[in-house]
There are 2 protein chains.
Amino acid sequence: MAEKNKTKGVPKATIKRLALYARALYRMEMDGETRVSSMALAERLGINPAQVRKDLAYFGQFGVPGYGYRTSELHQKLKSILGTNREIRVALVGAGNLGRALLSYVGFSTQGFRFVAAFDTDQNKIGRVINNIEILSAARMEEIIRESRVVIAVLAVPAQTAQEIANRLVKCGITAILNFSPMRLLVPPKVKVHYVDLALEMESLSFYLNPAYF
Amino acid sequence: MAEKNKTKGVPKATIKRLALYARALYRMEMDGETRVSSMALAERLGINPAQVRKDLAYFGQFGVPGYGYRTSELHQKLKSILGTNREIRVALVGAGNLGRALLSYVGFSTQGFRFVAAFDTDQNKIGRVINNIEILSAARMEEIIRESRVVIAVLAVPAQTAQEIANRLVKCGITAILNFSPMRLLVPPKVKVHYVDLALEMESLSFYLNPAYF
DNA sequence: TAGATTGTTAATCGATTAACAATC
DNA sequence: TAGATTGTTAATCGATTAACAATC
């Protein structure tokens, strides 16, 4: 691939939009739209066409002046940039209500994410099978994560144990954590943590109910 | 309350941080820290102290120069700004795996959010009781939402039905939607939608696994 | 009072948008 | 060729950070 090694310098917001572009392109592809302009894509997402072109420009030149982009081609390019063109092996840590729901979340599997292991410390949960994944004792977590070549860990444990588990994940080579615990994790810089904080989303939404701020 | 009616003009990022401040203050309060400076709070959250002061300044003057903030007092103020000082009535629409997990998510209840109704169209789910909430037929949704004075709807339905359900919610007066479906919802401007897009989070995380962009 | 920390204004930084030459 | 749309540079906008007078 001839794109420049921008290494750093790609805004986080651009990456989020890249995933949105990929999804929109997939749907347009299904609808038989072989061709798409930055304007059409932008309209669909409620953003500015220049934004679309600028975002893509971080990674190369994918369009044809005067024509636009070939839908399927751009879709493939984006998947390859995001790394979702191949299967990505994921482990769940914490098989409570939320964790178990994530194990069978179809939005993950359709995007190429595959849970290959799940862990908990609760004897009542260990041994249960959800979506073909057996919940295992967290005692052997490091070993199994290494053996099964997991690259992303999904953390859905109580706040108190989140940091401790994160430390163990880092030690066995995990560099990407999707964290559902309401805790900021302290990890080495090479490890990327994405936070999904459900209560935070709810609280900030609640703010907008106050008519004084409208 | 003497704070100015800033109506608009409060950045969305500020609101998110407000909820983070409230949480940190709660924990500090529990730890017996009666006093806190913008610097201490900022350090805990990994941000800039001026940011903290600026965020708070949108809503009034809560501190004491040369001293800082009274932990408990600031915590209460923030809760009242966010609206989480009182119970907030929530309805779930879509009682699949994810929806049911949300019904019993303790992070919501500890913050004062209370599910008062849950709806689905699947006969196998209707009648089940989760966390004391009975799953009801979506047919009578509008009526029940109005009667039980629901103010926030949590949407956890498949992508195809999300817009249709959103339309029905808007019609019965809902102005805040927490949307877990991977769909942009078209709603009138007075309705606030927060998106929690699990696949999107996973995809953008996956990007950072590519060593070429590090 | 001396020291500390606020609230706020000004400077900086980064991200979004507009504009347009290049080009299919 | 004329028309359309890209890639990219310059202008704008908004958010973060620094600096400091006010004040407890």
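What you are looking at is a predicted structure, and each value in this text was computed from that prediction instead of being measured. A note on names: the letters A, B, ... follow the listed sequences, proteins ahead of strands, and every chain is numbered from 1.
- Contact check of residues 21-30 of chain A against DNA chain C (heavy atom, cut-off under 4.0 Å) returns no residues at all.
- Residues in residues 171-182 of chain A take part in these side-chain hydrogen bond (donor to acceptor under 3.5 Å, both in side chains) pairs, two or more places apart or across chains: A:Asn179-A:Ser181.
- Checked for salt-bridge contact, B:Arg23 and A:Asp197 meet the test: a charged N lies under 4.0 Å from a carboxylate O.
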Distance-only donor-acceptor pairs under 3.5 Å for side chains of residues 147-161 of chain A, two or more places apart:
residue, atom, partner, partner atom, Å
A:Ser148, OG, A:Ile144, O, 2.5
A:Thr161, OG1, A:Pro158, O, 3.1

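- Applying the ring-ring contact (aromatic ring centres under 6.0 Å, His included) test to every pair with at least one member in residues 151-180 of chain B, sequence neighbours left out, gives no pairs at all.
- Applying the side chain to side chain donor-acceptor pair (under 3.5 Å) rule to A:Thr110 yields no partners; only residues at least two apart in sequence or on another chain are considered.
- Of the residues B:Arg53, B:Lys54, B:Gln51, the one that meets the side chain to side chain donor-acceptor pair (under 3.5 Å) test with B:Ser38 is B:Arg53.
- Using a 4.0 Å cut-off on heavy atoms, the residues of residues 35-56 of chain A that approach DNA chain D are A:Arg35, A:Ser37, A:Ser38, A:Arg53, A:Lys54, listed by number.
- Applying the ring-ring contact (aromatic ring centres under 6.0 Å, His included) definition to pairs two or more places apart or across chains, those involving residues 20-42 of chain B are B:Tyr26-B:His75.
- For DNA chain C, the contact window with chain B, defined by any atom under 4.0 Å from a protein heavy atom, covers C:dA4 to C:dT9 in 5' to 3' order.
- Under the side chain to side chain donor-acceptor pair (under 3.5 Å) criterion, B:Asn97 pairs with A:Ser104, B:Arg100, not counting sequence neighbours.
- For DNA chain C, if you chain together Watson-Crick or G-U pairs that step i with j, i+1 with j-1 and so on, the runs of at least three with distances under 3.5 Å are C:3-24 with D:3-24.
- Neither side chain, B:Asn85 nor B:Ser80, offers a donor N or O lying under 3.5 Å from an acceptor on the other.
- Pairs passing the ring-ring contact (aromatic ring centres under 6.0 Å, His included) check and including a residue from residues 83-113 of chain A, sequence neighbours excluded, read A:Tyr105-A:Phe108.
- Judged as a salt bridge (Lys or Arg N to Asp or Glu O under 4.0 Å), the pairs with a partner in residues 101-120 of chain A (not counting sequence neighbours) are, in order, A:Glu87-A:Arg114.
- Using a cut-off of 4.0 Å between Lys/Arg side-chain N and Asp/Glu carboxylate O, A:Lys16 and B:Glu201 are scored as salt-bridged.
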